[in-house]
Novice: 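Here it is, the structure in full.
The chain is numbered in sequence order, starting from 1.
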Amino acid sequence: MHTQVGTDVEHAARLLEQGELVAIPTETVYGLAANALNAVACARIFEVKNRPGFDPLIVHLAPATDFESALSACARAVPPWASKLAGAFWPGPLTLVLPRKPLIPDIVTSGLETVALRMPAHVLAQRLLERLPFPLAAPSANPFGFVSPTTAQHVLDQLGGKIAYVLDGGPCRVGLESTIVGEQDGRPVVLRLGGLGVEDLEGVVGPLGLATSSGASPGSLESHYAPRTPLYFDDLGYRARGLSPDQVALLLFRAPLAEVPPDQQEVLSASGDLNEAARHLFGAMRRLDALAAARGLRAIFTQKFPERGLGRAINDRLRRASSRYAT
Ligand code: AMP
Ligand code: MG
């Protein structure tokens with residue numbers, strides 16, 4: 001299959017109506033979208049991504065001002081915390097996990113009794129969703145386990161030839177997947193750190209727990225977001241591992257290290273802005289991974305980011321990117 005890239009919302013809509021997959025831009029990362037009410041189309045998402053069936057999809061809703069009724073179309077119940085968070089942050093990088101209505105196919109929720117719902121803020125995604133008579137199921141548009149795409153080119157690099165169309169909405173403004181909030185023991189909890197800071201959420205609904213185990217959010221596997229090159233998190237000690245400056249790549253927050261060649265380093269935000277760092281994270285991981293392959297670099301070493309705002313989600317992604325190489 002030849003994969004086209006373009007900005008034609010109408011073309012994307014027609015493909016989705018025919019049960020095809022389309023990669024779509026959102027403010028978080030690019031999604032691999034299908035008609036969320038068409039189980040056959042959604043099954044193809046799992047095939048194309050090589051995604052295990054136990055990892056459920058996020059359902060994307062058309063922009064609306066009445067969040068209660070938008071949620072109620074897919075959710076059986078909307079607890080007060082969910083209405084408050086939607087009111088404060090939708091459209092935006094926040095996913096709410098709520099009891100599902102039967103119209104959502106089993107394959108979308110991996111058989112769970114809950115469904116993950118989000119209203120994206122990207123204008124092209126919104127135009128597309130407004131044009132369609134159904135919501136879109138869309139996980140990140142990358143093969144399972146790899147770094148999420150934040151440009152149309154990233155999608156093409158990994159899924160080219162496997163999908164009909166990539167709707168190109170430019171680079172993603174947030175650059176990290178959505179923050180996911182669900183309910184445990186009658187209280188809202190963060191199921192996945194992401195593009196909306198926990199402090200922002202807590203400003204609206206009060207203190208929030210963080211679900212730790214992978215059981216809480218089925219897709220939150222320990223090893224994920226992984227480049228091919230070994231990556232060490234919170235560790236710049238390449239010499240201790242017997243490596244020299246010309247054998248390593250570095251991923252840093254604000255400033256490069258003098259001893260390593262400058263083009264083997266990615267600095268995510270010289271001004272120390274964690275939102276900017278988040279926006280650049282996945283692109284930087286991809287560039288360093290490709291550079292390492294081209295030059296035979298042995299490993300990527302990364303700093304730990306400040307544990308506030310999007311810094312927590314950046315650390316979460318880097319930790320998972322490193323866990324399979326952890327010693
Ligand atoms: P992705 O869009 O690829 O970032 O993946 C969506 C993620 O949303 C999954 O990996 C799960 O962690 C989470 N998710 C989706 N549906 C549910 C659900 N019903 N309950 C808990 N987490 C969910
Ligand atoms: Mg993903």
Side-chain angles (χ1 to χ4, degrees), residues 26-29 31 56-101 104 108-109 112-122 125-126 129 135 138-140 172-220 273-275 278-279 305-317 319:
T26 81
E27 77 280 26
T28 58
V29 301
L57 310 178
I58 295 174
V59 174
H60 292 69
L61 306 175
T65 43
D66 182 354
F67 301 118
E68 298 263 344
S69 49
L71 282 163
S72 301
C74 302
R76 258 188 296 115
V78 183
W81 62 263
S83 309
K84 280 190 205 158
L85 290 178
F89 301 109
W90 276 9
L94 170 68
T95 295
L96 303 173
V97 172
L98 300 175
R100 70 153 157 162
K101 280 203 167 153
I104 304 292
V108 171
T109 68
L112 295 172
E113 278 312 304
T114 51
V115 60
L117 300 168
R118 183 166 104 78
M119 199 176 277
H122 194 289
Q126 292 183 333
L129 285 159
S140 52
C172 299
R173 179 169 55 76
V174 175
L176 287 178
E177 301 83 352
S178 59
T179 301
I180 304 181
V181 181
E183 191 171 287
Q184 272 175 5
D185 305 320
R187 292 170 56 96
V189 291
V190 177
L191 298 178
R192 176 178 74 183
L193 295 167
L196 187 63
V198 175
E199 299 92 330
D200 293 333
L201 298 168
E202 290 182 328
V204 174
V205 290
L208 279 174
L210 178 62
T212 45
S213 77
S214 46
S217 197
S220 300
D273 174 349
L274 288 167
N275 295 330
R279 187 156 58 238
F305 287 68
E307 276 283 312
R308 61 182 152 76
L310 298 198
R312 288 180 68 182
I314 294 173
N315 288 335
D316 171 80
R317 300 303 187 268
R319 200 175 284 118

Novice: Could you tell me which residues satisfy side-chain contact (heavy atoms from CB on, under 4.5 Å) with Thr109, sequence neighbours excluded, listed by chain and number?
Specialist: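 Checked Thr109 against side-chain contact (heavy atoms from CB on, under 4.5 Å); matches are Arg100, Ile104, Leu112, Val115.
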Novice: Looking at Thr28, is its backbone amide N or carbonyl O close enough to the side chain of Glu177 to form a donor-acceptor pair, meaning the two atoms are under 3.5 Å apart?
Specialist: no
Novice: In plain terms, say whether Glu27 and Arg118 are close enough for a salt bridge, that is, a side-chain N and a carboxylate O under 4.0 Å apart.
Specialist: yes
Novice: Carefully, step by step, assess Glu183 and Thr114 under the rule side-chain contact (heavy atoms from CB on, under 4.5 Å).
Specialist: CA-CA 10 Å; Glu183 191 171 287; Thr114 51; over 6 Å; no
Novice: For a quick test of reading the model, state the closest non-hydrogen atom pair linking Ser83 to Glu68 and the distance between them.
Specialist: OG-OE2, 2.7 Å
Novice: Rounded to the nearest 0.5 Å, what separation is found between the CD1 atom of Ile180 and the CG atom of Leu117?
Specialist: 11.0 Å
Novice: Should Arg192 and Thr95 be marked as a side chain to side chain donor-acceptor pair (under 3.5 Å) after you check the CA-CA gap, both sets of side-chain angles, and the distance that decides it?
Specialist: CA-CA 9 Å; Arg192 176 178 74 183; Thr95 295; 5.2 Å; no
Novice: When you measure from the side chain of Trp81 to the backbone N and O of Leu85, does any donor-acceptor pair fall under 3.5 Å?
Specialist: no
Novice: For residues Arg76 and Lys101, report the shortest heavy-atom separation together with the two atoms involved.
Specialist: N-CG, 3.8 Å
Novice: Mind running side-chain contact (heavy atoms from CB on, under 4.5 Å) on Leu201 and Phe89 for me, showing each step along the way?
Specialist: CA-CA 8 Å; Leu201 298 168; Phe89 301 109; 3.9 Å; yes
Novice: Are the side chains of Val205 and Val181 in contact, using a 4.5 Å heavy-atom criterion?
Specialist: no
Novice: Which heavy atom of Leu191 sits nearest to which heavy atom of Ala211, and what is that distance?
Specialist: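 For Leu191 and Ala211, the tightest heavy-atom pair comes out as CD2-CB, 3.9 Å.
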Novice: Can you see which heavy atom on Gly194 is nearest to which on Ala313, and at what distance?
Specialist: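 For Gly194 and Ala313, the tightest heavy-atom pair comes out as O-CB, 3.5 Å.
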Novice: To the nearest 0.5 Å, what is the distance between CG on Leu310 and CZ on Phe305?
Specialist: 11.5 Å
Novice: Looking at Leu71 and Ala86, what are the two nearest heavy atoms and their distance?
Specialist: CD1-CB, 4.4 Å
Novice: Could you report the tightest heavy-atom contact between Ser140 and Val29, atom names first, then the distance?
Specialist: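 Looks like CB-CG2, 3.9 Å.
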